[in-house]
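See below for the structure under consideration.
What's counted below: heavy atoms across the whole structure, side chains too, no hydrogens, waters or symmetry copies.
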Amino acid sequence: LAVIEGNVMTGNSAIALGGALYDTSTRTLTVRNNVFDRNISPQDGGAMYIEDSPAIIGFNTFHANRCDNTGHGSGLYLNSTNVLLEKNIFAWHTAGDGVAVYASGTSGVTTAYSCFYSNAVYDTYYSDGADGSESVTNVYTADDIRADPLFADRAGGDLHLRSKGGRWNPATAQWVTTDTNTSPCV
């Protein structure tokens, strides 16, 4: 069992796969409460590349990660693995194939209560065949949403969620109570 929790991974780059995180072990991987922001992979998995590792990925924010060239999975690339994606935000993935979550091989992916927004091509892409011939795009559960997550200040790099009830601003070490709307992810 491996647990990756409570990290902010911003502006990382990979030599080949997985801009911020690369895992090809066979142990169960848990990735929770992290921020993956503007990471780059020249191939697959702009933020994260997982192969052969069963994983639980929850309560993470994947924002504006990218693959250069013809890479797949600007946010997350899954190869031959079973993954539960629960309560994640995947937003503004535009480069490479423009797909937030790309699953290939024998991957089994379950999404629950996740938010997908403004991903250039597809939010999710599942390919069973080597040539992509058996593919399914934009598969959601009834619990997933497609809406702007309403980050506090996306342009300024503050990916906290807006809330009329208040939110903590770590830059000023104060509560913000002036938001006029609340994120659908709260």
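- The cluster map of Ile, Leu, Val, Met, Phe, Trp and Tyr, joined by side-chain heavy atoms under 4.5 Å apart, puts Val3 and Leu84 in different clusters.
- For residues 9-18, the side chain to side chain donor-acceptor pair (under 3.5 Å) pairs, not counting sequence neighbours, are Asn12-Asn39.
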If you look only at distance, which donor and acceptor atoms sit under 3.5 Å apart when one is on a side chain in residues 147-154 and the other is two or more places apart or in another chain?
residue: Asp148; atom: OD1; partner: Leu150; partner atom: N; Å: 2.8
residue: Asp153; atom: OD1; partner: Gly156; partner atom: N; Å: 3.1
residue: Arg154; atom: NE; partner: His63; partner atom: NE2; Å: 2.9

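- Counting only heavy atoms from C-beta outward, the side chains of Asp144 and Phe116 approach each other to under 4.5 Å.
- A continuous path of Ile, Leu, Val, Met, Phe, Trp and Tyr side chains, each step under 4.5 Å between heavy atoms, connects Val35 with Val186, placing both in one hydrophobic cluster.
- Cation-pi check for Lys87 over Tyr113 is met; the charged atom lies under 6.0 angstrom from the ring centroid and within 45 degrees of its normal.
- Side chains of Met9 and Ile4 form a contact here, defined as non-hydrogen atoms less than 4.5 Å apart.
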From CA spacing to verdict: side-chain contact (heavy atoms from CB on, under 4.5 Å), Asn119, Thr94: CA-CA 6 Å; Asn119 297 299; Thr94 58; over 6 Å; no
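- A side-chain N or O of Ser104 and one of Asn79 form a donor-acceptor pair less than 3.5 Å apart.
- Between Gly73 and Cys67 the shortest heavy-atom distance is O-SG, 3.5 Å.
- Hydrophobic clustering (ILVMFWY, side-chain heavy atoms < 4.5 Å, transitive): Ile57 and Ile89 are in distinct clusters.
- Judged by distance alone, with hydrogens and angles left aside, the side-chain atoms of Ser183 form no donor-acceptor pair with the main-chain N or O of Leu161 at under 3.5 Å.
- For residues 31-47, the pairs satisfying salt bridge (Lys or Arg N to Asp or Glu O under 4.0 Å) are Glu5-Arg32, with sequence neighbours left out.
- Looking at Thr81, its side chain does come within 3.5 Å of a backbone N or O of Ser53 through a donor-acceptor pair.
- Side-chain atoms of Leu85 and Leu76, non-hydrogen and from C-beta on, do get closer than 4.5 Å to each other.
- In terms of modelled atom types and a separation under 3.5 Å, the side chain of Asn169 and the main chain of Trp175 share no donor-acceptor contact.
- Looking at Arg167 and Asp158, their side chains come closer than 4.5 Å, going by heavy atoms from C-beta outward.
- Applying the side chain to side chain donor-acceptor pair (under 3.5 Å) test to Arg162 and every residue at least two apart in sequence or in another chain returns Asn181.
- The heavy-atom pair separating Gly46 from Asn65 by the smallest distance is C-CB, 4.0 Å.
- In this structure, CG in Leu29 is found 5.0 Å from CG in Asp23, a value given to the nearest 0.5 Å.
- Across Thr182 and Lys164, no two heavy atoms sit closer than the pair OG1-N, 2.9 Å.
- Rounding to the nearest 0.5 Å places CD1 of Ile56 at 4.5 Å from OG1 of Thr30.
- Residue Asn82 holds its CG atom at 11.5 Å from CD1 of Ile50, rounded to the nearest 0.5 Å.
- Using a 4.5 Å heavy-atom cutoff, the side chains of Asn60 and Phe36 are in contact.
- Inspection of the Ser163 and Asp179 side chains reveals no N or O donor paired with an N or O acceptor under 3.5 Å.
- Side-chain contact between His93 and Val99 is absent, with no heavy-atom pair separated by less than 4.5 Å.
- Contact annotation: the side chain of Trp168 never approaches that of Val176 to less than 4.5 Å [non-hydrogen atoms, C-beta and beyond].
- Hydrophobic clustering, with ILVMFWY side chains joined whenever heavy atoms are under 4.5 angstrom apart, keeps Leu159 apart from Phe90.
- With hydrogens and angles ignored, the 3.5 Å screen pairs a side-chain donor or acceptor of Ser41 with a backbone N or O of Ala16.
- For Asp68, the side chain to side chain donor-acceptor pair (under 3.5 Å) test picks out Arg66, with sequence neighbours left out.
- In this structure, the side chains of Arg27 and Leu1 stay at 4.5 Å or more apart for every pair of heavy atoms.
- Between the OG atom of Ser80 and the CD atom of Glu51 there is a distance of 6.0 Å, given to the nearest 0.5 Å.
- Here Tyr49 pairs with Tyr22, Tyr77 under the ring-ring contact (aromatic ring centres under 6.0 Å, His included) rule; sequence neighbours left out.
- A donor-acceptor pair under 3.5 Å links the side-chain atoms of Ser114 to the main chain of Asn88, judged by distance alone.
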